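From a predicted model like this one, the values you see are computed outputs, not experimental measurements. Per chain, numbering begins at 1; letters A, B, ... match sequence-line order.
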There are 2 protein chains.
Amino acid sequence: MELKNKSKGSVLEKQKAKVDKKSAIINSARKLFVQNGFGCTSMREIAKDANVNLAMVNYYFKSKETLFDIIYDEAFENMASQFDVKLLSGNSVIENITNFIESYTEGLIKNPEVPGFIFQEIYKNPDVVISRVKKSEVAQKFRNSFFSSIDKEMKEGKIRNIENPVGLLLNIVSMCAFPFIGKPLVEKVIGSEKSEFTKTMRARKKDITEIFKAYLSVK
Amino acid sequence: MELKNKSKGSVLEKQKAKVDKKSAIINSARKLFVQNGFGCTSMREIAKDANVNLAMVNYYFKSKETLFDIIYDEAFENMASQFDVKLLSGNSVIENITNFIESYTEGLIKNPEVPGFIFQEIYKNPDVVISRVKKSEVAQKFRNSFFSSIDKEMKEGKIRNIENPVGLLLNIVSMCAFPFIGKPLVEKVIGSEKSEFTKTMRARKKDITEIFKAYLSVK
DNA sequence: GTCTATAGCGGGATAGAC
DNA sequence: GTCTATCCCGCTATAGAC
């Protein structure tokens, strides 16, 4: 009779197993939390999806909240990493806007489920999102560059008069992010092709940039 | 000794109580479903909030799903009722867009929680939303009017060339609806004043209209 | 119609053997 | 580290007394 042999491996094998299980849990948690939100995802589901014993999930991550926070943090990291030096190299309002739309859209294409995920949880804790954005150095630098370039070019008469620069930024973000929040819906409307969504979002970059170019150029 | 007297009223009183309880349940259900979504709202919470025995909720509404469907339907009705004849009276692209932004924004101001609510549940069942929009007669008529006016004015050279009219409509909807989906966030950013949000959203109507006027006029 | 009580399930978390 | 078994809780829904 052969007995269960699972705990007979070397120390090295155990460590490897540890890493594998941890990341398997993370992967399943990400998938399920993003899909169904915090409230509609159970630890049992996560364990099953990760092919791991339920007790292991609590062993590695202490609680459901802890695990969720890791996934939520990760989502922000993924988006933030998209905003790099390129974003800060704009020398005019139009350049700033063009760079932003480019970076933001490509970030969303790489993480299409992130906005929906973040907004799903926004109602419970809006402050988490705000503090995250405030912490981001790139976001701060971009804001400063964006608003001061608007100020400057308005005085020079290069662009139209903008009464509410924050509103302008909100409008740009709206156009970029909205289709991703409503992705399941937009996909249905566009058609069944899988790659179609990405293609459409990529094409939108030009359109959105064009809209704001036209708007700003009217004096 | 005075006994409990609750079931001693006349038939008329009972009917009144029935209506009161029913609507109390509906009101609490709306509040909680909209706030927390289907998964994170319990029948116990609803009953407690409505000051009604738990069994009564099932007695009147059979199941949680049934109750939720009523609230979801209601949300669509509220938005749809906003799109009336005014919306269909546009004789040009600009008029159509102006009317749409006006109607849609005012509808959202009256039901600010609706977009967040609908989007919260979109991931589970996008088809529900699509079939609802397709059913709406006003929406269909507006679409036809909108697209044919674009076609006409493009040929006449009155507006710029629009390669993707659906995308244009998506952009308009994006700008109008996005701040409402992120309302808790936007409110924090704008400031603590309660009426400030509505004021800001109302002011945006002019800005958004202006953006598309500028965009369309560039040949 | 109204309530209490409870069936029956699934949730998060942990104790304790190995 | 790993697993089983279990605690204790809250959930939806309903049976059944009044």
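In this entry the distance linking CG of B:N58 with P of C:dT2 reads 14 Å, nearest Å. Atom-to-atom, NZ of B:K62 to C1' of D:dA13 comes out at 9 Å; the value is rounded to the nearest Å. At whole-Å resolution of the value, OH in B:Y60 and C1' in C:dC3 are 13 Å apart. Atom OH of B:Y59 and atom P of C:dA5 are 21 Å apart (whole Å). Atom CZ of A:F68 and atom P of C:dG12 are 13 Å apart (whole Å).
Residues B:S63 and B:T66 bring a donor and an acceptor atom of their side chains to less than 3.5 Å of each other. Side-chain atoms of A:R204 and B:N171 form a donor-acceptor pair, as typed in the model, at a separation below 3.5 Å.
Under the salt bridge (charged side-chain N to carboxylate O under 4.0 Å, His left out) criterion, B:D69 pairs with no residue at all, not counting sequence neighbours. For A:E121, the side chain to side chain donor-acceptor pair (under 3.5 Å) partners at least two apart in sequence or on another chain are A:K124.
Contact check, A:K22 against D:dG1: no side-chain N or O comes under 4.0 Å of OP1 or OP2. Contact check, B:K64 against D:dT14: no side-chain N or O comes under 4.0 Å of OP1 or OP2.
Sorted by residue number, the members of residues 27-56 of chain A with any non-hydrogen atom under 4.0 Å from DNA chain D read A:N53, A:A55, A:M56.
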Before giving the answer on side chain to side chain contact (heavy atoms under 4.5 Å, CB included), spell out for B:E210 and A:Y215 the whole-Å C-alpha distance, their side-chain angles and the decisive distance to 0.1 Å. CA-CA 8 Å; B:E210 189 61 29; A:Y215 174 63; 3.9 Å; yes
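The heavy-atom pair separating B:R132 from B:V128 by the smallest distance is CG-O, 3.0 Å.
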